[in-house]
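Heads up: the structure comes next, in C-alpha cells.
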There are 2 protein chains.
Amino acid sequence: MAGLKQVQRQTGVALWRQIADRIREAIGNGAYDETGMVPPETVLALQFGVNRHTVRSALAALAQEGIVRAVQGRGTLIERKERLNFPITRRTRFTAGIGDQARETRALLLDEAQEEASAEVGSWLGLKQGEMVIRLETLRHADRRPVSKATSWFPAERFAGIGEAYRKHQSITKAFAELGLADYVRATTEVTAAHAATADLADLELTPGAILLIAKAMNTDLDGVPVQYSISRFAADRVQFTIDN
Amino acid sequence: MAGLKQVQRQTGVALWRQIADRIREAIGNGAYDETGMVPPETVLALQFGVNRHTVRSALAALAQEGIVRAVQGRGTLIERKERLNFPITRRTRFTAGIGDQARETRALLLDEAQEEASAEVGSWLGLKQGEMVIRLETLRHADRRPVSKATSWFPAERFAGIGEAYRKHQSITKAFAELGLADYVRATTEVTAAHAATADLADLELTPGAILLIAKAMNTDLDGVPVQYSISRFAADRVQFTIDN
DNA sequence: ACCCATTTGTTCGTATGTATG
DNA sequence: GCATACATACGAACAAATGGG
C-alpha cells in the first residue's frame, strides 16, 4: 500500500502540491484513522522521497485548507475528514440523498436568468433551439462546507417563477411541488471528471488543480416529459456517487 | 464561453500545465471542431493572460501526448479527439459497452495473484477477512489507446483458474462462462475521481495531474451471490459514464 | 515570381518559484 | 535562515514556413 516515489518531477505540478493532493486523498480514504494524525514530516519525506521542507510546504497548504493542524511537539492533527455519499437512482434528490449524512444542508441561488435554449440544452429538454428556458445557478452546502455547484435549465413556459420558489424552499423538489409538479424521476445521468474552472474553485473553496465530479442529469415528469436538465459540479474530494442497479 | 484569466498563479501548478489541461478539455468538448485546429498561440496567450512562451509550453505538452501537431506557418492541428461512453447498467460489460464505439479493443492481464481478502474486499464479496481471493490486474485498450486499468478480486475457491481463462478470452464475461458462470449482473457501482497514482500514469499513458474516474463495482450471479469486486481506473479525458434509470 | 499577413520556431536576457542540504 | 541549482514565466526580438493575392 505504501509505495515509494509516488510523485514525479518536472511535470508542471510542484512536488509539494502533488504531495498535498495525495495526503488529502489518503485522509479521505481513512488511511490515518487509527491515530487521527498524519505521520511525522520526516516519515512522509522518506515515503515520498523528498526533502522535509517540501513536505512542510504540502502540510502548510493543507492547514490553509483547514484539513490539518500542526501542533509543535505533538504532530499534525487531522481536523476534518469527510466524504459524502450521493446515491444516483431513479428517485435521485439532492437534499434527501445527502440529508442523513450531514447535520445541516444549505442551498443558495447564485443567479437566475431567462434565455434561449442552446443546442445542447434544447436537445435534452426536447425543445427547439431558441425556445425559452430558465437557468438557475445554485450552490449547495453540507455542514457549512460547499459540496456542489449546479447549473439547471427548465422549460420557461411550464416553470415560470421557479427561481423564486427555489429561493423560498431551498429545494428543487419543493419548488416543483409549488408549481404543480408533484413528482419527477431521474432519466439519465452522465458522469465525467475534470479540473475545476476558476469560477467554480472560488465558490467550492477549492485549490487549483482540484478535481470535480461532474454529473449531467435529465429529470422527467411521470409521463416522461423532460422537466429539468442540469450540470452539477461536485468537489471530488468530498463526495462519491453510488449507483445501485 | 471564452472567459479571461482562467488560470491562477502561485498555486503549485505551473501555468503551462493548467493551460494544457484546459485546452485538452476544450478539444474533448468539441470547442474547436469547426476549424479542426487550436487558436493561434498569440490569441491563446491573450485569452489566458500569459506570455506566448507559456502557451507554447502547454501546446508542446499536448503535442507530446499526441493530441495536437504544430505546423509552422499554418497553425496547431488537432490530431485526436475522442471520448468513449461507458454505460453503467445492471448488465454492464466492458467489451460490449465500448465495443461499438471503437474499432478494436484489447485486454491485457498485467498481474495475477492469490491472496487473503482484505477487510474491504471481504466485505464486498461476502467473505471473512483472511479467506482466499484471486486478484487480477488488467489493462484495457480501445483503438490502441489505454482506457482503463482495473484491479479485480474473485472468490478463489469458486473461480480457480480465472486468470488463465481471462488471458485466453480477453474478457471477464467469457472467463466466467468457461468456469461455469453463464450470467452475472452489476449490483453496485461507486464512482469517485482522483489524481492518478504514478503506477497508473505509466500504464494509462497519462501525464501527472491527470484525472481518473474510478468505479468500484460489485457483480453478483443471478442468485445475488457476489462473484467479483473491482476497482477500475479510467482516464477521465477519454471516457464518460452514463447511468440510465 | 513576388510580396504580404499570419503563424510557428528560436534565441537572447531577466525575474521569480521550487527543491535541496 | 542561507546558499545553490534548476524550473517556470515574461519580454523583445528575429527567423522560417504557409497560403493568398
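Note on naming: letters A, B, ... go to the chains in the order of the sequence lines (proteins, then strands), and numbering restarts at 1 for each one.
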Side-chain donor-acceptor pair present, A:Arg238, A:Ser148, cut-off under 3.5 Å: no
Closer than 3.5 angstrom, by distance alone: can the side chain of [X] be matched with the main-chain N or O of [Y] as a donor-acceptor pair?
{"X": "A:Arg233", "Y": "A:Ile231", "value": "yes"}
{"X": "B:Glu205", "Y": "B:Arg145", "value": "no"}
{"X": "B:Asn29", "Y": "B:Ala31", "value": "no"}
{"X": "B:Ser230", "Y": "B:Ser232", "value": "no"}
{"X": "B:Arg80", "Y": "B:Glu65", "value": "yes"}

Quick one: which protein N/O atoms are closer than 3.5 Å to N/O atoms of nucleotides 1-5 of chain D? Pair and distance per line, please.
residue: D:dG1; atom: O6; partner: A:His53; partner atom: NE2; Å: 3.4

Positions of residues 54-67 of chain B (non-hydrogen atom under 4.0 Å from DNA chain C), listed by number: B:Arg56
Interface residues of residues 24-44 of chain B with DNA chain C (non-hydrogen, below 4.0 angstrom): B:Pro40, B:Glu41
Can you tell me how far [atom2] of [N] sits from [atom1] of [X], to the nearest Å?
{"X": "B:Leu15", "N": "C:dT18", "atom1": "CG", "atom2": "C1'", "value": "14 Å"}
{"X": "B:Asn51", "N": "C:dT11", "atom1": "CG", "atom2": "P", "value": "17 Å"}
{"X": "B:Arg17", "N": "C:dT18", "atom1": "CZ", "atom2": "P", "value": "16 Å"}
{"X": "B:Gln18", "N": "D:dA7", "atom1": "CD", "atom2": "P", "value": "19 Å"}

Distance-minimising heavy-atom pair for B:Leu204 and B:Pro146: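 Heavy atoms of B:Leu204 and B:Pro146 come nearest at O-CG, 3.4 Å.
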Over all atoms of both residues, closest heavy-atom pair of B:Leu109 and B:Gly163: CD2-O, 3.6 Å
Check: A:Ile23 and A:Val38 side chains under 4.5 Å, non-hydrogen atoms: yes
Results of ring-ring contact (aromatic ring centres under 6.0 Å, His included) for B:Phe86 - residues two or more places apart only: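 Partners of B:Phe86 by the ring-ring contact (aromatic ring centres under 6.0 Å, His included) criterion, ordered by chain and then number, come out as B:Phe94, B:Phe234, B:Phe241.
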Audit row: A:Arg167, A:Glu112, side-chain contact (heavy atoms from CB on, under 4.5 Å) steps and yes/no: CA-CA 10 Å; A:Arg167 206 190 311 267; A:Glu112 178 187 0; 3.7 Å; yes
With the criterion being N/O to N/O and under 3.5 Å, what pairs connect the protein with nucleotides 14-21 of chain D, and how long is each?
residue: D:dA17; atom: O4'; partner: B:Gln72; partner atom: OE1; Å: 3.0

Results of side-chain contact (heavy atoms from CB on, under 4.5 Å) for B:Leu110 - residues two or more places apart only: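 Per chain and number, B:Leu110 pairs via side-chain contact (heavy atoms from CB on, under 4.5 Å) with B:Leu108, B:Glu137, B:Leu139, B:Lys149, B:Asp203.
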Audit row: B:Arg24, B:Val68, side-chain contact (heavy atoms from CB on, under 4.5 Å) steps and yes/no: CA-CA 9 Å; B:Arg24 192 193 302 104; B:Val68 300; over 6 Å; no
